[in-house]
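To start, the structure itself, in structure tokens.
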Amino acid sequence: EKIGTEGRGGYFDGYGIIRDVVQNHLLQVLALIAMEPPATVDASAIRCSKATVLREVAPARFEECLVGQYGRSLDGKEQLPRLQQTRSSPLVVAKEKVSITVFGLIPSDASIFGYARSKLPREKFESKLTAKIPSGASNEAVASFVAQCSYVSGAYDKIEDFTNLRLALEETERGSASQLRIYYLSLPESTFETVCRGIRNVLLPAAGESGVRIVLEKPFGKDTASYLQLSRQLSPLFPETNYYRIDHYLAKEMIQTIVPLRFSNPMLESTWNSSNICSVEISFK
């Protein structure tokens, strides 16, 4: 695929991180295929139908799962298994736009922190959150979600600002059994090293690096050389098992075509529902 990916798919696959990216797309495919027809075909209605599917997916029992990553070494030759278990009830640090995407999907005992340079009073932050919540959500659900969200203003390269964030996180974690923090970096790739170094030096939880996951969103380099440069910058800071890469441009066109395929085809749409389909199985090889 070349549109929107600038040829990244090939080197992603060659260096193992397609195993990270594809999981995000598989959830999208599952939701779009298995959801009931939305009230309309606008983005908000489709999101609500997708969220209903994801909420109904039976959670796997932890003792039956092997959670981890497999990837290649930096020279791209040796296949190395890298496995590390995770824990539930995470403390999520994310941008305000990112937090909206998990509305109705995160555990009730999880917390979300927005962190950016803009100075936002609590009232304005809540207003921005509620403005983006899908229409039709109950007042109780909205209030519960807003209560889970907080905001800290700070720069990406100042230790004192990261310290303020650490104090806010520790205050929220006090008395919690969770030892997992997920840092979602919806940032320019030029800031990845600086922010990850700040996380390493200031924002580790009590469990240490084993309690940290870092999500790196969108283009992780533009070719093999820039990918390797970024990897060399980040690999000394955390083990590979701590990083999770998302590039939602890869296979974007394929996923987007599912909606018109379903709803623009009367023959398919008349039978594509739970009355006629008893199960959906997606195989990835």
Side-chain angles (χ1 to χ4, degrees), residues 4 21-60 88-114 124-151 182 184 186 215 217-218 244 246-282:
V21 175
V22 76
Q23 296 175 55
N24 177 57
H25 289 327
L26 282 180
L27 287 176
Q28 292 282 352
V29 171
L30 171 63
L32 288 170
I33 290 177
M35 71 182 186
E36 289 295 307
T40 64
V41 290
D42 62 66
S44 178
I46 291 175
R47 183 207 178 277
C48 289
S49 292
K50 288 163 61 179
T52 299
V53 172
L54 296 177
R55 282 195 294 266
E56 293 299 322
V57 174
S88 60
S89 301
L91 182 69
V92 183
V93 180
K95 288 185 67 175
E96 158 251 327
K97 287 184 179 179
V98 176
S99 65
I100 292 301
T101 65
V102 298
F103 171 73
L105 299 176
I106 64 171
S108 59
D109 57 350
S111 298
I112 302 174
F113 275 76
K124 188 172 182 179
F125 175 64
E126 291 185 4
S127 176
K128 291 171 72 70
L129 283 176
T130 55
K132 297 179 182 296
I133 289 177
S135 59
S138 69
N139 293 335
E140 181 180 357
V142 172
S144 176
F145 177 71
V146 171
Q148 291 179 268
C149 299
S150 301
Y151 181 82
I182 302 174
Y184 192 110
S186 181
V215 181
E217 185 193 270
K218 288 188 289 193
Y244 184 92
I246 291 179
D247 191 328
H248 49 66
Y249 288 98
L250 283 173
K252 179 180 69 173
E253 287 76 20
M254 179 195 74
I255 293 173
Q256 287 178 328
T257 59
I258 295 176
V259 173
L261 174 67
R262 279 196 61 176
F263 302 114
S264 298
N265 191 322
M267 183 181 71
L268 287 178
E269 179 54 23
S270 62
T271 57
W272 199 327
N273 53 57
S274 58
S275 299
N276 297 286
I277 299 174
C278 65
S279 65
V280 174
E281 179 177 328
I282 300 173

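Quick note: residue numbers are just sequence positions, from 1.
- Considering all non-hydrogen atoms of both residues, Phe125 and Ser150 come closest at CZ-O, 3.5 Å.
- For the side-chain contact (heavy atoms from CB on, under 4.5 Å) test, residues two or more places apart in sequence or in another chain that qualify with Val53 are Ala34, Met35.
- Side-chain atoms of Ser270 come within 3.5 Å of backbone N or O of Pro266 as a donor-acceptor pair.
- Heavy atoms only, all atoms of each residue included: Trp272 and Ile33 are closest at NE1-O, 2.8 Å.
- Scanning for side chain to side chain donor-acceptor pair (under 3.5 Å) contacts around Glu36 gives Ser274, with sequence neighbours left out.
- For Asn139, there are no side-chain contact (heavy atoms from CB on, under 4.5 Å) partners at least two apart in sequence or on another chain.
- Take Ala39 and apply the side-chain contact (heavy atoms from CB on, under 4.5 Å) test, not counting sequence neighbours, and it matches no residue.
- The side chain to side chain donor-acceptor pair (under 3.5 Å) check on Ser275 picks up nothing, with sequence neighbours excluded.
- Taking each heavy atom of Val259 and Ile46 in turn, the nearest pair found is CG1-CD1, 4.1 Å.
- Evaluation of the side-chain contact (heavy atoms from CB on, under 4.5 Å) rule for Thr271 yields Asn276 as partners, not counting sequence neighbours.
- Closest approach of Gln148 to Ser108, counting heavy atoms only: NE2-O, 3.4 Å.
- Residue Leu129 holds its CG atom at 13.0 Å from NZ of Lys124, rounded to the nearest 0.5 Å.
- Taking all atoms of both residues into account, the shortest heavy-atom contact from Leu32 to Arg262 is O-NH1, 3.0 Å.
- Side chain of Thr130 to backbone of Ser127: a donor-acceptor contact under 3.5 angstrom is found.
- Ile112 CD1 to Phe145 CZ: the interatomic distance, rounded to the nearest 0.5 Å, is 4.5 Å.
- Contact record, Phe263 with Pro38: CZ-CD, 3.5 Å, taken as the closest heavy-atom pair.
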